[in-house]
Each structure stands twice: as structure tokens, then as C-alpha cells.
Amino acid sequence: MWALHSPHNLQSSSTSTPFYFPTRSSSRPPICSLTLNPKNTGTNYNQLIQSLCKQGSLKQALQVLPHEPNPTQHTYELLILSCSLQNSLSDGVDVHRHLLDAGFDQDPFLATKLINMYSELDSIDDAREVFDKTRKRTIYVWNALFRALTLAGYGQEVLGLYRRMNEIGIPSDRFTYTYVLKACVASECLISLLHMGKEIHAHILRHGYESHVHVMTTMVDMYARFGCVSNASCVFDSMPVRNVVSWSAMIACYAKNGSPFEALELFREMILETHDSVPNSVTMVSVLQACSALASLEQGKLIHGYILRRGLDSILPVISALVTMYARCGKLELGQLVFDRMAKRDVVSWNSLISSYGIHGFGKKSIQIFLEMIQQGLSPSHISFVSVLGACSHAGFVEEGKMLFESMVKEHRIYPSVEHYACMVDLLGRANQLDEAAKIIEDMRIEPGPKVWGSLLGSCRIHCNVELAERASRRLFELEPMNAGNYVLLTDIYAEANMWGEVKRVKKLLEARGLQKLPGRSWIEVKRKIYSFTSVEELNPQIEQLHALLLKLSNEMKEQGYVPQTKAVLYDLDTEEKERIVLGHSEKLAVAFGLINASKGETIRITKNLRLCEDCHSVTKFISKFANREILVRDVNRFHHFKDGICSCGDYW
DNA sequence: CTAGGGTTAG
């Protein structure tokens, strides 16, 4: 068992001042005592205060402040900025009070600065109050509040104020537009604000901002975050002026919304067709994500080469994305190698490695790296926990997962969010402790939300628990009625329980909402080319050959006791028909294609857009032995490494 | 006072 306490935390609690903190007051000469002379009544202290602020000596500046009878606007401005930089809310409140007494309470310039300061010091109520009390609101004051509220996640409030602003007749400027566009996606509420985004889109065009790069790039990003890929690309195409940021935003949009091919294509276009927009590290991170999504090792290596040539290989986010890319393309060792060569690492780089081992099913290694990170003196982030708990889940480490979950609050003062609860529900649910998983949800101190219920429903499918699945899906249909996956999971469960009437009912519900099941698809990369398979398309010229090979293999397997598992078929058909359907699954076609076309001894690498079905799993195990081939399959959740008739997941997935 | 990015769960 691993020790889950953190030596780092013990250390930092024993010393009151962290050693890395610069000791500003003691190392600087006491300027103030030299210059400050209370008897000298005619002195103008404004300049002294200002220079102290610029040096970062806020405390001393505050000591001088009472001696200045007429502080100027500029003096207050620097004091306010200094409070932000020093991260001191109490000093900020002092300065604020002082400025009110000095008669600057209606100064819109200082109001803007104060709002920015409170926003940076996470005191949004104070920011709001400044706004409310300022009668003469310039566009700067409005924008400052919009910015503050957007950063704090109060997008809806911004949009309400924006409406009011329009009613009063205050014209927006380019800054206003970027903030309100961001506000549409910076909202915690469950209802989509896409319609507002579209409305603002219209305002922007009406007011002639269609060639403003910042505004239009924000718009691309807004649509991207709503998953509206075609809207985003329309906006992008319409932009008369583009720069690196615009290109990066569009590439990121494709990479994050299931269009990795388009992302790579746009990257190619960027390199070939533009002169002033040269890809930078941010661009490359998204391009690497696209390679990860495609599981295209060859593409990934080419991009890695480009990164090296462009000298972007020492930038932390790029390296972390590289680690992830290699791991997700099935080359965990290369990911580890990239990590080992890093000169400097941060939490994110460690998280990349933790999750990499997790998706490959190496739970123990993942926990080990997690602990090593802590030992090196880094504090785990909430994502570290999502990653390591996910790793426990894949490996079936229930006890370890529980301990880590408990250590979150106890040792690291990180309060579990929905993501962590979703991991725990998944961990317990998969391990067939469904009641305990349900209990976790009941005991949650925050609103469960779709991720948590989704985890429960997923586990219910694995263990075919109709009752609990009905409970979970009832909530899910309310929370995210347009997510087809939930309906499909429920029909799967009903089908397995032979409740065909119910299967029909849920399918109708799915159709009534205009949704459809995501068709299963598998990809394989052979000699730098990617081939895609579904069970219905017959585009591949070798398709007959593939079906024949699978039939032959299936018969040989049957002789050795294989019984096709047809649970995944959602139609009430006879056994023979079901067997035929299962044998045509896209993954088997891809495996067969690999057997025929990949060079001898080469590992067959397949990527799938869904979870592996049980029959494909057992057939692939058999083939790995029969054909003496290593087969690596990445399904939506994790890797399966088939070798000599066994799978790295230990049949637990 | 403006825009894009790293690690995650089913």
C-alpha cells in the first residue's frame, strides 16, 4: 500500500514563511524614514507615494498617504494597481475608503480601476458595489464590470446588464463586444446562451465590426465552445483580417469538437497559405490534440518534428501535449521519454503522465507517479485527482481510490467537484458496488449534474441494473435531453434484460427528439494512411475479403469453444442474424484489415469511437493468439493491449 | 480594459 500523506504539506505547515517568498521590506533601504519629515508641511508627498508604489513598496506608500493633504487621481490609481499586484484585499479596501473621503467617490476613472482591482482580488461583490454607486458611467466603467463578472462566471448577469445598456442607449465598443461574447459561454447556468451569442453576433455586424480581429476571433471561440463548428468556420471564413490567434482559435475549435482531420487540414493551410500568421506554441498544442484525437502516430511524429524545427520544444504546455499525444497514440514509452527529458516540470506535465498510465490501465504506476509528484514538492491540482481516480477506476482499485478521495480534503484541501464524484461513482459502479455508488450521490454536498448520473448509468449497463438505470436516466433526460448517448445506454440495458417493449419505447423517444445513435466506427493507420470502417459502409475494396476472413476465424474459434456474445444487438432478432451483425462490427473489420495489410510483426493499432463490445473484446483476444499479433485498441475510454490471447485490461473495462 | 492553448470523467 502507498503512503497517501504528503511530505510537502507537512513541511510547509511547520514553517510560517515559505522560503520562496521574496522578503521585500527587509531587503530594501528604508526610503521612507529618510525622506518623510512630518515637520516639513509644505512637502508634496504625491510623488513619493507614486514612486513607492512603482517599486512595489505598498506598505510604505500607505504610511505616507495620511501625510499628503491632496492626493491626486494618479496617486490613487497607482495605489489601487499596487494592491492588485500585492494581492492585498485589505489594503485595497483601505485605499478605497481613503479615496471616498478625499472626494473621489464619483470619479469614473478611479471607479474603473477599483472594479478591476476587486475583480483581480476575487471580491466581485465589491466590484458590483463600485459600479452601482458610480452615477456617471463611462463605457470604461461598464466594460470593467462586464470583464469582472465574466471572469467570475456570472455571464448571465453580464447579458442582463448589456440589455439594460442597450435600452438606455449607451453604445457598445469593441471591448464591450468581446466581453459580452465571452459572457455567453462563461455561464454556470444550465440553459444554453447560444441564442444570446447569435443575437450579439447580429449586433456586431450591424455596427460594422466585421473586420475587427479581436471581436471576430472571440466570436469564433464563442461558437467553438458551444460546439457549433459550422458557425465558427463561417465566421472564420468571413474574416477579412486574420492573425495567429484567429487561426489558432479555429484549429482549436476543430480539434476539440471531434473534427481532428479538419484541424490538421487548417494547420496545413495556415503554413502554406499565410505569410504573416506563423504557428506558435498555442497553435501547436491544438494541433497535437488533433493528432491525439486521431490516434495518428505518424501525424504526431511529423508534428513533433515541426515543433523541434521551430524551436517550440521547450515550452511547457507543448511538451505536456506531446506526452499526451504519444500516450494517446499508443506509445506510452515515448510519452514517458519526452517527460523524462523535460528540464522543468509543472503540475500539468505530471498530470499528463498520470492520466497516460491511467488510460493504459497501469493503475499502480499512475498512483506511484502521483505520489512522486507530491514528493517533489508539487501540490496536486483538482485535475491530478481526476486523473489518478480515473486510473484507479480503469484498474479496479477501489480501496486505493477511496483513500485518495479522502486524502483530497484532509491533506490537500481540495474540495471534490462533480468531476471527482463522477470518478468515484464510476470506480464503485464498475466494481459492481452500485448501491454504494448511489449512496455517494445521495451524500453529495453539491448538485450531482449530468456527469455523475451519466457515470452511474454507464455502470448500470455494465452490470445490467435496470432499476437504478431507470432512476439515473430519468434525471439525465431532464438534465440533458439532447444527449443521444443516454438513451442508447438505457436501450442497451433493456435489451440485455430482454425488455423489448421498453427498448422500443426509448428508441421512439430518441427519434422524437430528432436524435440518433452514434454509429460505431473504427480507424486503423497502415503505412501512413488512415482507414475508417463502419459496419454498414462497404467502400473498402477489400470488404469481401475481410468478411470472409472473419467468418473463417469465427468458425475456428467456435471449434475452440467460442460463443458469440450478441448482447450488444439492439434488435429482437434470431441468434444467427445477431451473430452475423456482431461479426460485422467495425472493430473486427479494422482488425481483419490490419491482419492482411500491416507488415509482419507490426503491432496493429486501432481506434474506436465507442466502448469495446464484449464480443469484439473476446474475438480480438483470440486473434492476438491465433495470428500471433499484438493488437492495440483505443476505445473511447482507454487502451486495450491484446497479446497471446489476453488483454491488458484483465477483462475489466 | 480585448482574442487562441496544456492535464479529466462516460
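Since the structure is predicted, the reported quantities are computational estimates derived from the model, not experimental observations. Scope of the values below: all heavy atoms of this structure, side chains included, with no hydrogens, waters or symmetry mates. Chain A is the first sequence line, chain B the second, and so forth, proteins listed ahead of strands; every chain is numbered from 1.
- Distances from the side chain of I359(A) to the nucleotides dA3(B), dA9(B), dT2(B) place dA9(B) closest.
- If you check every strand for non-hydrogen atoms under 4.0 Å, D426(A) touches sugar and phosphate atoms only.
- Here the side chain of A249(A) is nearest to one of dA9(B), dG4(B), dT2(B), namely dG4(B).
- I115(A) comes within 4.0 angstrom of nothing in the nucleic acid, heavy atoms only.
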Side-chain donor/acceptor pairs under 3.5 Å, residues 114-122 of chain A, sequence neighbours excluded:
from	atom 1	to	atom 2	distance (Å)
N116(A)	ND2	T112(A)	O	3.4
Y118(A)	OH	H96(A)	ND1	2.8

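- Here the C1' atom of nucleotide dG4(B) and the CE atom of M270(A) are 10 Å apart, to the nearest Å.
- Computed from coordinates, the N116(A) CG to dT2(B) C1' distance equals 12 Å when rounded to whole Å.
- Checked against dA3(B), dT2(B), dT7(B), the side chain of S355(A) finds its nearest nucleotide in dT7(B).
- One interatomic measurement links the two molecules: CG of D635(A) to P of dG10(B), which rounds to 10 Å at whole-angstrom precision.
- A stacking contact links F175(A) to dC1(B): the aromatic ring centre lies within less than 5.5 Å of the base's six-membered ring centre, and the planes differ by less than 30°.
- Listed pair R638(A) / dG10(B) fails the phosphate criterion, with no side-chain N or O lying under 4.0 Å from OP1 or OP2.
- Across residues 218-234 of chain A, T218(A), D221(A), R225(A) each have a non-hydrogen atom less than 4.0 Å from an atom of DNA chain B (numbered order).
- Under the 30°/60° scheme for interplanar angles, the aromatic rings of H360(A) and F362(A) are found to lie parallel.
- Under the 30°/60° scheme for interplanar angles, the aromatic rings of F236(A) and W247(A) are found to stand perpendicular.
- Residue contacts shown for R461(A) are absent, as no nucleic acid heavy atom lies under 4.0 Å away.
- Contact between the side-chain N/O atoms of S286(A) and the OP1/OP2 oxygens of dG5(B) is not found at any separation under 4.0 Å.
- The side chain to side chain contact (heavy atoms under 4.5 Å, CB included) check on L78(A) picks up Q50(A), C53(A), K54(A), H74(A), L81(A), with sequence neighbours excluded.
- E480(A) is linked by a side chain to side chain contact (heavy atoms under 4.5 Å, CB included) to P450(A), L476(A), N483(A), N486(A), counting only residues two or more places apart in sequence or in another chain.
- At a threshold of 4.0 angstrom between heavy atoms, the contacts of D346(A) include nucleobase atoms, whether or not backbone atoms are also involved.
- Each of dG5(B), dG10(B), dG4(B) was ranked by its minimum atom distance to the side chain of S248(A); first place goes to dG4(B).
- At the heavy-atom level, K113(A) lies nowhere under 4.0 Å from the strands shown.
- Whole-Å rounding puts the R242(A) CZ to dA3(B) C1' distance at 15 Å.
- Using a 4.0 Å heavy-atom cutoff across all strands shown, S246(A) reaches no nucleic acid atom at all.
- The ring-ring contact (aromatic ring centres under 6.0 Å, His included) check on F405(A) picks up Y421(A), with sequence neighbours excluded.
- Applying the side chain to side chain donor-acceptor pair (under 3.5 Å) rule to pairs touching residues 457-466 of chain A yields R461(A)-D492(A), sequence neighbours excluded.
- Judged as a ring-ring contact (aromatic ring centres under 6.0 Å, His included), and not counting sequence neighbours, the contacts of H617(A) are H640(A), F642(A), W653(A).
- Listed by residue number, the members of residues 138-149 of chain A with any heavy atom below 4.0 angstrom from DNA chain B are Y140(A), N143(A).
- Annotation: ring-ring contact (aromatic ring centres under 6.0 Å, His included) contacts of W453(A) (sequence neighbours excluded): none.
- Rounded to an integer number of Å, the gap from M408(A) CE to dA9(B) C1' is 13 Å.
- The side chain of S281(A) lies closest to dG5(B) when the candidates are dG10(B), dT7(B), dG5(B).
- In this model, the phosphate group of dC1(B) is not approached by any side-chain N or O of K182(A) to a distance below 4.0 Å at OP1 or OP2.
- Separating the CE atom of M216(A) from the C1' atom of dG4(B) is a distance of 16 Å, rounded to the nearest angstrom.
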